[in-house]
**Student:** 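I'd like to ask some things about the structure below.
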Amino acid sequence: MSEKPDFKNYTLVICEKSDAAKRIAEALGDNVKTIEKKGIKIYFITNANKKYVICSALGHLYGLGNYRKDRKVYPVFDLMWLPLNHIDKNKSNVHDRIKIIEELAKNANEFVNACDYDVEGSTIGFNILRYACKVNYSNTLRAKFSTLTKDELKYAFKNLGNQIDKGLVKAGITRHVVDYLWGINLSRILMSSLQHIPYGGGVLSTGRVQGPTLKFIVDREIEIRSFVTKPYWVANALVEYDETEIYASYFKDKIMKKREALKIKEENERETGIVKEIRRIKVELKPPTPFNTGDLQKEAYRIFKFSPSLTLNIAEQLYLQALISYPRTNSQKLPKTIDYYKIMRRLSEINEYKEETEILLSKKLVPHEGEKDDPAHPCIYPTGEIEGIEKLNERQKKLFDLIVRRFLAIFAENAIMERDQILIDVKGKHYWKINGRRYIHLGWINFYKKYFEAEEVEIPLFKEGDKVLLKTINVEEKFEKRPPRFNKGSLLEKMEEENLGTKATRAEIIDTLYKRKYVVGESIMPTELGFQVIETLSKYSGRIISVDLTREMEKSLEKIELEQEEPEDVLEKTFYFAWQAINDLSDNLEKIGFELKNAMRITTLENKTLGLCPMCKEGLLVIINNKKTKKRFVGCTNYKKGCSFVAPLPQKGIIQNTGRTCSTCGWPIVQVRNGKSLWNLCINFKCPTKVKNKK
DNA sequence: GCAAGGTC
């Protein structure tokens, strides 16, 4: 460092991202000097008796790969960690960053891994320390924190640990290796099956997350196609009592036969019923549990309609401003070490929370916690830091408010609800029920009422033996609902429920399924190829497309984290299963190749056929590539018989059949993907609505 | 051409 030649014998602190580096620098000292090298900020700090140099990574700087040129070779079992710029052309900026860290390491005499305290963060820091800093990890220190508040960061650096995240590192490395072995080898073998076939080729892939996700779509499609609609009937009665009218429902929720439903109408209409039983149940509703990532995402979706990834994004911004704790966690428990009173008192400085916090502060604070736990992080809670909240944007304000009110609610009393069920007897043969509900004590709902409606259903005060008149009976035919296809949102939710992928990768992985032509459409349908890949893989190696593999891996990783299991055992199992699956597949390579090739052909055809010609109403519209001019357009298969239909297409980008037609002119709609932009296009350029519906 | 996971 030419700017600071005298700076030697310092503690080098490795952070995961630039924002965290900035926060840590601010927490560690007032005397901060910032130098920027190739766009990377480095902080130099002198404390009373200690010198720090703080730099940051960009997430992973190293990844798994090998230097073998021939990518058709499988199995690949010899892998190594390489700088990401050696693996991915788009990562050329990683080179500079590694070089800078290498340089900084030379004059350091102590090293701290200050990446996020979780599996991936520990792995990021571990790799940088061993490869860029060239130090033995056992001689380095680990900062452990789950919020970026000054207090916690100061505490973390006063209490640096040695060898404390060994389990996390081991689990991280195992995760990388397992995913690589399964993913690369099975993807390669799928593709190699096509090499035997003339005109074979095309990219195929599968993986620990991709496979099960595609299977959800295929399974759902099979369910939809085999669904038989069954009707059922429901009966409601308009009941008159004491000059008021109220609805009662028949005691059987679903009446399976129409005849039975009509008989109920006939035998009850204009009859008098007797109140036979009044049941009053008191229900205590416990406060909600503290937020973990999934709970927060669900709640933010329910209330604000924020997508799961948007919620996490915003939560991350709040975390980086030290307003809330680390938002990627499974835990529904508060940390034992924090001072609830202190946080509550700080929050009471905000006008909106003044009243609520004062009520809570007048009593002993006992939180209602959930069952789920996380070894690395507590639940998501407000840190009590309130600096800068007036500068938050609307979305950030909304999410912060939700997190604060949830935090308040968990310290409040149970709510008490009274449920009334009135049973009405008609001639000892038919029964009707009326349900009422009211809250006699709101408890925590008072603190969370902005987000939870205490809905009451008022009913007259019945007494046993009272007579009521069933004025009219309504019988309604209903149908069992066909299960819906997934859309991107519901598929993301499903992946999250099943713990597949992470917030950062889920959407990308769904995109990959589209890119591979495994699925099409906004309401997601598998293509013939998608069906066949699942069929093939489940025939020869069912495990890769089963969520069980992920479940099992999760359990093993947790055990490795707690150092109850060794990576070697997990890896040995993985090698064995990968080896077995590869053998089973390669024994049938030719057969698989034909099946997949055939499915690809059908998929290409499906994708090119856009539906019935709106002009001659006989032929089919197809996408045609003119070999001479290399241009593409839509024509009609009835062209030779005289149909002159023709429509232009954009010449750039990937065109996908959506299966839909324009609601205005009835012509097909195609999806055009050009780089990152994606739009739906009605192919009729004279269509009255001629607007590109940008998504 | 291949996985999934970080970060921008």
Side-chain angles (χ1 to χ4, degrees), chain A residues 14-21 39-41 56-66 68-76 79 81 84-85 87-94 96-97 115-128 168 171-195 200-214 309 312-313 316-317 319-320 328 495 499-513 515-518 533 544-545 549-550 553-554 557 574 578 582 676:
Chain A
I14 309 289
C15 307
E16 184 164 325
K17 46 187 169 268
S18 53
D19 281 318
I40 300 159
K41 282 200 172 117
S56 58
L58 250 173
H60 285 289
L61 298 186
Y62 296 85
L64 287 175
N66 65 23
R68 234 202 282 239
K69 285 262 161 65
D70 189 357
R71 294 187 160 179
K72 282 179 191 163
V73 174
Y74 66 88
V76 186
L79 25 147
W81 289 93
L84 275 187
N85 51 305
I87 301 168
D88 189 342
K89 277 173 257 152
N90 301 322
K91 298 280 180 177
S92 54
N93 53 348
V94 165
D96 285 342
R97 201 166 283 254
C115 297
D116 291 352
Y117 199 80
D118 54 23
V119 170
E120 296 298 329
S122 293
T123 311
I124 290 168
F126 174 73
N127 280 329
I128 292 171
L168 292 175
I173 287 176
T174 311
R175 207 273 311 146
H176 279 260
V177 175
V178 170
D179 281 351
Y180 188 96
L181 286 180
W182 274 101
I184 300 290
N185 284 315
L186 282 164
S187 296
R188 281 191 184 177
I189 196 160
L190 280 180
M191 283 185 280
S192 77
S193 78
L194 293 170
Q195 305 302 322
V203 182
L204 297 175
S205 67
T206 188
R208 176 176 57 84
V209 180
Q210 260 185 52
T213 305
L214 178 57
S309 53
L312 218 120
N313 239 318
E316 207 130 75
Q317 293 157 13
Y319 163 69
L320 289 172
R328 266 173 282 179
M495 291 171 80
N499 240 324
L500 275 175
T502 67
K503 61 108 192 167
T505 58
R506 283 180 197 124
E508 259 175 58
I509 286 166
I510 296 175
D511 277 344
T512 305
L513 297 181
K515 259 194 244 156
R516 303 274 178 268
K517 297 198 176 6
Y518 291 167
V533 166
I544 190 64
I545 49 159
L549 181 77
T550 289
M553 192 183 89
E554 269 166 19
L557 290 186
T574 304
I582 290 163
K676 275 193 177 167

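To find a chain, count down the sequence lines: A is the first, B the second, and so on, and within it residues start at 1. Quick caveat, the model's predicted, so the values are computed rather than measured.
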**Student:** Under the side-chain hydrogen bond (donor to acceptor under 3.5 Å, both in side chains) test, which residues partner S18(A), sequence neighbours left out?
**Tutor:** none
**Student:** Would you please say whether a donor-acceptor pair under 3.5 Å links the side chains of Q210(A) and T512(A)?
**Tutor:** no
**Student:** May I ask you to verify if any side-chain N or O of S187(A) is less than 4.0 angstrom from the OP1 or OP2 atom of dA3(B)?
**Tutor:** no
**Student:** Let's see if you can work this out: which of dC8(B), dG5(B), dC2(B) has an atom nearest to the side-chain heavy atoms of R516(A)?
**Tutor:** dC2(B)
**Student:** Can you sort out the partners of S56(A) under side-chain hydrogen bond (donor to acceptor under 3.5 Å, both in side chains), two or more places apart, ordered by chain and number?
**Tutor:** R97(A)
**Student:** Can a side chain N or O of R97(A) be found less than 4.0 Å away from OP1 or OP2 on dC8(B)?
**Tutor:** no
**Student:** So does T505(A) get a side-chain nitrogen or oxygen closer than 4.0 Å to the phosphate oxygens (OP1/OP2) of dA4(B)?
**Tutor:** no
**Student:** With a cut-off of less than 4.0 Å, is there a side-chain N or O of R208(A) near OP1 or OP2 of dG5(B)?
**Tutor:** yes
**Student:** Mapping E316(A) and W182(A) onto DNA chain B by nearest heavy atom, which one lands closer to the 5' end?
**Tutor:** W182(A)
**Student:** Starting the side chain at C-beta, find the nucleotide from dG5(B), dC8(B), dC2(B) nearest to I184(A).
**Tutor:** dC2(B)
**Student:** On the nucleotide dC2(B), are OP1 or OP2 found under 4.0 Å from the side-chain N or O atoms that T206(A) carries?
**Tutor:** no
**Student:** Taking only heavy atoms on the protein side, list every residue of residues 59-66 of chain A lying under 4.0 Å from any atom of DNA chain B, sorted numerically.
**Tutor:** G59(A), H60(A), L64(A)
